[in-house]
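The sequence lines fix the lettering, A, B, ..., with proteins before strands; numbering per chain opens at 1.
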2 protein chains.
Amino acid sequence: MAEDLLDAALLEFAAHGFEGTSTRQIARRAGWHQPQINYHFESKEALWQAAVDKLFAELASTTADLFSGPPSDLAGAFAEGIRRFVAFSARRPELFRIMSLESTADSERLDWIAERHIRPRFEIIRDAWERLRATGVGATIDGVTAYQLIVGFGSFPFANSPAVRRLTSLDMSNPAAVSGHADALIALLLPEHRDLPGASARRNEPGSTDRIA
Amino acid sequence: MAEDLLDAALLEFAAHGFEGTSTRQIARRAGWHQPQINYHFESKEALWQAAVDKLFAELASTTADLFSGPPSDLAGAFAEGIRRFVAFSARRPELFRIMSLESTADSERLDWIAERHIRPRFEIIRDAWERLRATGVGATIDGVTAYQLIVGFGSFPFANSPAVRRLTSLDMSNPAAVSGHADALIALLLPEHRDLPGASARRNEPGSTDRIA
DNA sequence: GTCTATAATTAGATAGAC
DNA sequence: GTCTATCTAATTATAGAC
């Protein structure tokens with residue numbers, strides 16, 4: 001099944017980079033034989049593109065409905081978007097890893113991923129943030145900085161979970177750690193939001209580790 | 001000169017990962033012949049360790065004096081530490097790139113870098129933050145989260161500067177962008193700090209692009 | 001210490017039997 | 001479509017002349 005191979009490719013590319021990953025490793029992980037990759041995909045590069053397309057399609061499906069309706073509660077939609085993005089980063093740390101790997105040096109892969117996948121999401125988030133700020137809500141940072149905070153800080157502990165585990169014995173795949181991190185990010189971006197009705201009810205549920213001191 | 005080779009190694013390892021970097025690329029960048037690397041270093045792995053040691057020595061030299069004196073102005077020392085770390089991340093984006101590359105999968109290199117370099121710095125920052133919070137100052141986040149905010153958000157736009165450039169035409173190597181990003185991070189962590197004497201004088205200097213909206 | 005040549009291994013991709 | 005065998009090129013590392 002091609003889905004299995006794409007998932008294996010995402011894990012390997014995210015862990016070792018494009019050049020550092022061999023198609024044999026990917027095939028072995030998925031239970032394929034290496035030449036099957038070149039039968040089903042034009043090249044290693046085409047396999048990478050197909051895997052990245054799948055990853056961003058998964059992300060899109062978790063946030064598609066957020067900014068489609070009327071902007072009656074933009075702050076609430078923003079907070080919900082952050083919760084979903086943080087949860088997705090925990091489930092799919094490959095997203096941030098591959099974005100980071102490809103964002104550090106000029107390359108054709110960066111051109112491709114920036115224009116095809118990152119730019120549309122970046123512009124939606126930046127513009128939504130600036131509309132929100134225009135209503136007087138939110139931390140006093142601009143849209144570009146808010147995007148960097150959401151993506152950089154929101155994904156960081158999940159993309160680096162093996163390092164986090166070594167330094168703290170925290171398990172970032174724990175659902176309480178995931179929602180706690182989302183709450184911390186929301187508190188930084190939307191300091192007023194914890195006072196809004198129903199905003200942070202989940203923070204006080206039993207069993208949730210409250211990362212807010 | 002061995003310094004030149006280690007700098008070349010850092011750039012290549014940071015851009016392509018350990019497995020994705022060939023010793024020939026490194027040698028070519030530094031003007032060496034490939035077999036010289038194996039004469040001066042035991043292996044590709046030993047070269048990587050020497051390069052990472054050099055990188056963290058540079059970081060240590062920029063922050064060595066910060067927490068040594070009496071903790072009379074812990075918030076001020078914290079803000080100054082953030083400014084220096086952000087400036088270092090801009091000058092040496094290889095630090096964050098290599099940390100991220102090695103923090104995503106279990107490996108002997110992660111064991112080595114986590115214990116030798118990351119843990120000591122993590123514990124200093126986490127503990128300093130919790131002492132600061134005990135005085136009632138600072139955002140309501142715990143020490144682990146503060147560390148993730150400083151490292152993740154503080155380094156993100158510099159480690160990903162080629163992507164930032166594509167999306168925004170911002171040049172993150174611009175000194176105003178560097179100090180603006182440090183100010184944004186300080187404002188998130190230490191909301192009270194902008195009111196302290198001399199805290200953010202540089203933000204209002206002519207020519208500085210104020211990223212605070 | 002430096003350099004050319006090369007050994008031993010592995011990479012992406014293809015040929016061709018089935 | 002699958003699988004074995006293999007091609008060409010690139011990899012890390014070493015041998016040995018200078």
Distance, rounded to the nearest Å, where A:L47 contributes CG and C:dA13 contributes P: 10 Å

To the nearest angstrom, how far is A:F18 atom CZ from C:dA11 atom C1'? 12 Å

For B:R29, is there an ion pair with B:D4 - N to carboxylate O distance below 4.0 angstrom? no

Atom-pair distance (CZ on A:R24; C1' on D:dC3), nearest Å: 13 Å

B:F41 CZ - D:dA13 C1' separation (whole Å): 15 Å

Could you tell me how far apart B:H16 (NE2) and D:dT11 (P) are, to the nearest whole angstrom? 12 Å

Between D:dA13 atom C1' and B:K44 atom NZ, what is the distance in whole Å? 12 Å

Distance check, rounded to the nearest 0.5 Å: B:F96 atom CZ versus B:F156 atom CZ? 7.5 Å

Interatomic distance, B:Q25 CD vs D:dT11 P [rounded to whole Å]: 7 Å

If you pin A:Y39 and A:P35 to their nearest nucleotides in DNA chain D, which one's is more 5'? A:Y39

Should the pair A:R126-A:E130 be classified as a salt bridge under the 4.0 Å nitrogen-to-oxygen rule? no

For residues B:S22 and B:Q25, is any side-chain donor paired with an opposing acceptor at under 3.5 Å? yes

Within less than 4.0 Å of OP1 or OP2 of D:dC3, is there a side-chain N or O belonging to A:Q36? yes

Is the phosphate of C:dT4, meaning OP1 or OP2, less than 4.0 Å from a side-chain N or O of B:H33? yes

Roughly how many Å is it from CH2 in A:W48 to C1' in C:dA11, rounded to a whole number? 20 Å

